[in-house]
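Let me begin by presenting the structure, written as C-alpha cells, before commenting on it.
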Amino acid sequence: MISSKEPEKNVKSCSLDLIHFDSFTDKGARTSSGKKIGLPKICTSSGFYLTTLDATRKGDIKSKSNLVFLGRAPLKGLQRYLAGKTFTGVGEISALNFTKEFQEKSFQILSSKETLNKELPLKTKNLIEEMRKSWESNKEVNIYNVFLLELGFSRSQMNDISEHFGDTIIKMLNTNPFCLVKKIKRLSFLDLEQIYKRLNITVSDEQRILGATEYLLEKIENERKHTCVPTEVVLQQVAQLLAIGANTIEKVLRDNTSLFFFGTRRGKPIISTLDAAEREQNLIEELKRISENFEASNNRKNFNAKDIDISNDIELSEEQISAVNTALKMPISIITGGPGAGKTTLVQRLVSIAKQLKLIIRLCAPTGKAAKRLAETPEIKVLKPSTIHLHLAYNAVKKDKFDFMIVDEASMIDVDLLLELLSIIPEGASIVLIGDKDQLPPVASGQPFKDLIESEKIEVSRLTGYIRQDQFSKTVRAARSIITGQLPHLTDKLDESDFTFIECPATQQADAILQYYFDLMPSILDVEPQDIQILAPQRTGGVGILRLNELIQERVINKTQKSLFTKKDRDLDVEFYAGDKVINRKNNYRKSVMNGDQGTILRSANSNLVVEFEGIENGVREVEFEGLEKFQLDLAYATTVHSSQGSEYPGVIIPVTSAHSHMLSRNLLYTAITRGKRHVCIVGERRTFEIAIKQFAKDFRYTHLCERLQNTI
C-alpha cells in the first residue's frame, strides 16, 4: 500500500482527489475536503467522481477523460484503507463502524472539515482524532489508496500500478481499457471486467474482443512460454471467456490485423502479439547484420587433425574437425550433440585454434554453473568465461570488442536473451552457439536454439560421438535411448552400473531416496551427501523438492540452533540455518550471483544472510544477502529439473512418481539424467517411467521464428 511512511519507489505522482456532484442542489461539485470545483458540462450524473489532485487544485476540470465516475462513495475502499497499517490502532471493526456511521461524510470527517457530534463517545472521538492525524500525514496519497482498494487490488498490485501509471491511471482507464492486464501481475481479464463495471465504464464488444485476445496471448506466453498460438485455439478461448461467437471474434480480429501478427506454423494458422512478432523480427535483423558484416581472414584455412593441438591422447573425430572449421569460417554457426558426443573437447580445441589465429575470444554461458564448467581447463580459464548476463552488464558500461564468441549450453537461451546477446556482437565478429537440442526448452519464452536449427538457414554441425560409442557409460546410453523413446536397460545394482533404477511404491520412495542420498551413493562415489543432487519434476508432493528438502534438512542441520531466516513457500514455513545448501533464484548483477548458483549459508550478519559460493575465477567467495534479497534463496538439497540446466553433479537422484505424471516427459528425464557425471539413480515406479518416455509433446512450443527465418534469410 502506498504511504508517505513507506520509502518512495518512483517519481510518479500518485495524488488523486474525490469529487461529489449533486445535480439536484445548487451546491455544485465539491472535493473530499469541501472545496468547490467546476465540472465539465457533460458531467450531469450525481454521485462521486475521481480525478487528479492537480486538477482540483487548479479549480477546474476541462475534459471528461480526466474523470472516472464512481457513482456511490468508495466506502469499501476507505474501510480497507483505515483497517491497514497506515492507521495504527484502528482495525477492521472500527473502520467498518466509522464508515457505517458517517457514510459519504466520512471523507470530510477525516479531512477535519466536519465538526464531530458532541454525543459521540469520548473513545470514538479520540480514535477519530488519531485517524485524522494519519490522514493528514498521508494526504497526498489517501484517495489514490482508497480508489485502488475499492477496486479490490492487493498491496503488491497497488505498488505495480503506482510504479507504472501514477495518477495517469485516470486517463488510462478512459482511453486504454485493457492496459492494466498487461502491466499488473495476477490481474485476470475477468477481474478487469468487474473493475469497469464498478466504474460505470461501457466497453464495446470490439474492445472486449481485442483486449481479451491480447490478454490471452500474453497469458499463454507468460505461463506456457509459447510466442504464438494457433488461431483456432485463440478463437475458442476468447469465445469461452466473453460468451461471444467465434465467427464474430474472427471477423473483429481480421478487421484489426494491424494490432496482431498472423502467420503459419507447420502449415497451421497462428496469431501472436505485435511485441512477440517484433522481437522475432529484431532477432532476424541481428542475424542478418552479423552475417553481412562478417569478414573471415584469409588464414582461416581448413584445419585438419595435425593442425589442431592434441592433448591427453584425445584425437578429434572427422565430425569434430568439420565443426571446428565451420565455426571459424561462418559468421553464425551452431554445434549440437548429446552426452558423450565430444562437445567439451571440441570447445577446448576450438579455443586453441582461435588463439593460433590471434582472435580475441569471448566465452559465456546462460548460468554460473555452466560458465564455471567452461573454466575447468586452465587454457579456457584464462579467458575468464562469464554468464551471458554479466557479459551484457559489462558491455553496457564499456562496449566490448572481440572477434569470436563461443556460447555454451545455448539451448537454455530464450528469445529475449538471444536478441540481447546478438545485439552486442561487434561488426565483423562471429558467434558459435553450442548446445544439446534435446534438452528442455528455456525457462523463459521461445526456443531459439531449436528454431535456428530447424530453419536450416544457419550452419549446423551435428556431433554424434558414434566413433567412440563403445566407450559410452551406461548413463549416456540410457539418455540416448530415452530421447529416442526407447526404454533403457534397467538394473538396481549400484556396483554394476552407473545408471540404476530402484523400483518402489510411492509410500516408500522418500525413505529410499534418503537412503541413497545419505549412504549408498556417497559410499560408491566417495563423496559427501551434499555433492549429490536430487532432481525432482515439481515442488509439491511426497517426493517433491519442498518435502525432500525438509526431510534432508532435519538430518543435516542441528535445529537446536536458532533459525537465521524464515519464508513462506506454498503453505509451508521454510527455515534457513547455518550450513544449509541453498540456490539463488534471481540474477543479482550487483553481487555477481546468478539465477541457479548454489552455495552454503555460513552465518547471519545483523539481519542479513552470508552465503558462500564457489566462484569462476577466485575460488570460494562470500556474498551477503540483504533485505528482500534473502527471499531469492531456496533450499537446494533437492531442486527442480528445470533449475539444474547447465549444471553437472557427481551423482544425481531422480524421483519418478505417478503424482508428478503431468510434469514427466521424455525431454525432462533426458535433461535430468544428463546432469549426472558419474552416477544416476532413478527411484520410483517403472510403469510411470515407461509412460514418461513416450511423452514428448508436453515440451513442444509454438513459435514463429523458424518460418520467418525461412522466409526472410
- Between Arg186 and Ser156, is any side-chain donor less than 3.5 angstrom from a side-chain acceptor? yes
- Task: Flag yes if more than 12 heavy atoms outside Lys567 fall under 6.0 Å of its NZ atom; otherwise flag no.
- Result: yes
- Are side-chain N/O atoms of Thr227 and Glu280 paired as donor and acceptor at under 3.5 Å? yes
- Sub-4.5 Å side-chain heavy-atom contact between Leu287 and Ile332: yes
- Task: List the steps and the verdict of side chain to side chain contact (heavy atoms under 4.5 Å, CB included) for Asp414 and Val443.
- Result: CA-CA 7 Å; Asp414 61 83; Val443 174; over 6 Å; no
- Query: Is the closest side-chain donor-acceptor distance between Ser658 and Ser661 under 3.5 Å?
  - Reply: no
- Message: Does this structure show an ion pair linking Arg279 with Asp275, if we count only N-O contacts that are shorter than 4.0 Å?
- Response: no
- Note on the structure: Smallest heavy-atom separation, Thr387 atom then Pro366 atom, equals CB-O, 4.4 Å
- Side-chain donor-acceptor pair present, Glu285, Gln281, cut-off under 3.5 Å: yes
- Query: Under 30°, 30 to 60°, or over 60°: which ring-plane class applies to Tyr49 and Phe69, parallel, tilted or perpendicular?
  - Reply: tilted
- Do Ser15 and Glu140 have side-chain atoms, one donor and one acceptor, less than 3.5 Å apart? yes
- Message: Any side-chain to backbone donor/acceptor pair from Thr52 onto Asp167? Under 3.5 Å, distance only.
- Response: no
- Task: Salt-bridge test for Arg289 and Glu427: reply yes if a basic N is under 4.0 Å from a carboxylate O, no otherwise.
- Result: yes
- Task: With the side chain counted from C-beta on, respond yes when Leu253 and Leu235 share a heavy-atom pair under 4.5 Å apart, and no when they do not.
- Result: yes
- Message: Please determine whether the number of non-hydrogen atoms from other residues, nucleotides or ligands lying under 6.0 Å from atom CD of Gln236 exceeds 12.
- Response: yes
- Query: Does a side-chain heavy-atom distance below 4.5 Å link Thr367 with Asn595?
  - Reply: no
- Query: Going by an N to O cut-off under 4.0 Å, is there a salt bridge joining Arg198 and Glu193?
  - Reply: no
- Side-chain contact test, heavy atoms from C-beta onward, threshold under 4.5 Å: evaluate it for Met412 versus Pro442 and give yes or no. no
- Message: Is it the case that atom CD in Glu456 sees more than 12 heavy atoms from other parts of the structure closer than 6.0 Å?
- Response: no
- Message: In the structure I gave you, are the side-chain heavy atoms of Leu669 and Val656 within less than 4.5 Å of one another anywhere?
- Response: yes
- Inter-residue atom distance Ile143.CD1 - Thr56.OG1, 0.5 Å rounding: 10.0 Å
- Do you see a donor-acceptor pair shorter than 3.5 Å between the side chains of Asp54 and Ser13? no
- Backbone N/O of Gly485 and side chain of Lys694: donor-acceptor pair under 3.5 Å: yes
- Message: Can a side-chain donor-acceptor contact be found between Glu221 and Ser445 if the only test is distance below 3.5 angstrom?
- Response: yes
- Step through it carefully: locate the ring centre of Phe178, locate the ring centre of Phe189, and say whether they are under 6.0 Å apart. yes
- Message: Return the CZ to CG distance between Arg208 and Leu210, rounded to the nearest 0.5 Å.
- Response: 11.5 Å
- Message: A side-chain contact here means heavy atoms from C-beta on lying under 4.5 Å apart; do Thr273 and Thr213 qualify?
- Response: no
- Query: Is the NZ or CZ atom of Arg254 positioned over Phe262's six-membered ring, under 6.0 angstrom from the centre and within 45° of the axis?
  - Reply: yes
- Message: Ignoring hydrogens and geometry beyond distance, is a side-chain donor-acceptor pair present between Asp451 and Thr703 at under 3.5 Å?
- Response: yes
- Is there a donor-acceptor contact under 3.5 Å linking the side chains of Glu629 and Asn588? yes
- Query: When you look at Arg265 and Glu232, which way does the salt bridge (Lys or Arg N to Asp or Glu O under 4.0 Å) test go after all the steps?
  - Reply: CA-CA 12 Å; Arg265 168 67 169 157; Glu232 181 182 6; over 6 Å; no
- Passes side chain to side chain contact (heavy atoms under 4.5 Å, CB included), Leu241 versus Leu190? Steps please. CA-CA 8 Å; Leu241 183 63; Leu190 294 178; 3.7 Å; yes
- Is it true that the side chains of Gln439 and Ser411 contain a donor and an acceptor less than 3.5 Å apart? no
- Query: For the atom pair CD1 (Ile545) and OG (Ser643), what is the distance rounded to the nearest 0.5 Å?
  - Reply: 6.5 Å
- Message: Counting only heavy atoms from other residues, nucleotides and ligands, does the tally under 6.0 Å from CD of Glu690 exceed 12?
- Response: yes
- Any side-chain donor-acceptor pair under 3.5 Å between Glu420 and His389? no
- For Ser154, does its backbone N or O pair with a side-chain atom of Gln157 as donor and acceptor, under 3.5 Å? yes
- Message: Under a 3.5 Å cutoff, is there a donor and acceptor pairing between the side chains of Ser204 and Glu206?
- Response: no
- Residues, nucleotides or ligands: over 12 heavy atoms within 6.0 Å of Lys457 NZ: yes
- Query: Is any side-chain N of the basic residue among Lys185 and Asp160 closer than 4.0 Å to the acidic one's carboxylate O?
  - Reply: no
- When rounded to the nearest 0.5 angstrom, what is the spacing between CG in Leu16 and CD1 in Ile19? 10.5 Å
- Query: Is it true that Asp569 and Arg539 make a salt bridge, defined as a side-chain N closer than 4.0 Å to a carboxylate O?
  - Reply: yes
- Message: Any heavy-atom pair between the side chains of Asn145 and Met158 that's under 4.5 Å?
- Response: yes
- Item | Sidechain-backbone polar pair: Arg675 side chain, Thr671 backbone, donor-acceptor under 3.5 Å | yes
- Message: Run Gln538 and Thr640 through side chain to side chain contact (heavy atoms under 4.5 Å, CB included) and show every step you take.
- Response: CA-CA 6 Å; Gln538 66 181 48; Thr640 62; over 6 Å; no
- Message: Can a donor-acceptor pair be found, under 3.5 Å and without considering hydrogens, that links the side chain of Asn174 to the backbone of Ile170?
- Response: yes
- Do you know the tightest heavy-atom contact between Gly71 and Asn200? N-ND2, 4.1 Å
- Message: What's the separation between atom CD in Glu214 and atom CG in Leu274, rounded to the nearest 0.5 Å?
- Response: 8.0 Å
- Pairwise side-chain contact, Ile169 with Tyr144, heavy-atom cut-off 4.5 Å (strictly under): yes
- Item | Distance-only side-chain donor-acceptor flag, Asn159 / Ser162, under 3.5 Å | no
- Message: Ignoring hydrogens and geometry beyond distance, is a side-chain donor-acceptor pair present between Tyr81 and Asn142 at under 3.5 Å?
- Response: yes
- How long is the span from the OG1 atom in Thr31 to the CG atom in Leu53, to the nearest 0.5 Å? 8.5 Å
- Task: List the steps and the verdict of salt bridge (Lys or Arg N to Asp or Glu O under 4.0 Å) for Glu223 and Lys219.
- Result: CA-CA 6 Å; Glu223 294 179 358; Lys219 183 174 184 286; 3.3 Å; yes
- Query: Distance-only, no hydrogens or angles: does the Arg666 side chain make a donor-acceptor pair with backbone N or O of Gln695 under 3.5 Å?
  - Reply: no
- Query: When you look at CZ of Arg224, are more than 12 heavy atoms from neighbouring residues, nucleotides or ligands closer to it than 6.0 Å?
  - Reply: no
- Specify the closest pair of heavy atoms between Arg72 and Phe48, including all atoms of both residues, with the distance to one decimal. C-CD1, 3.9 Å
- Message: Between Phe147 and Leu18, does the side chain to side chain contact (heavy atoms under 4.5 Å, CB included) criterion hold? Intermediate values first, please.
- Response: CA-CA 9 Å; Phe147 174 55; Leu18 193 64; over 6 Å; no
- How far apart are the closest heavy atoms of Ala277 and Ser272, and which atoms are they? CB-OG, 4.0 Å
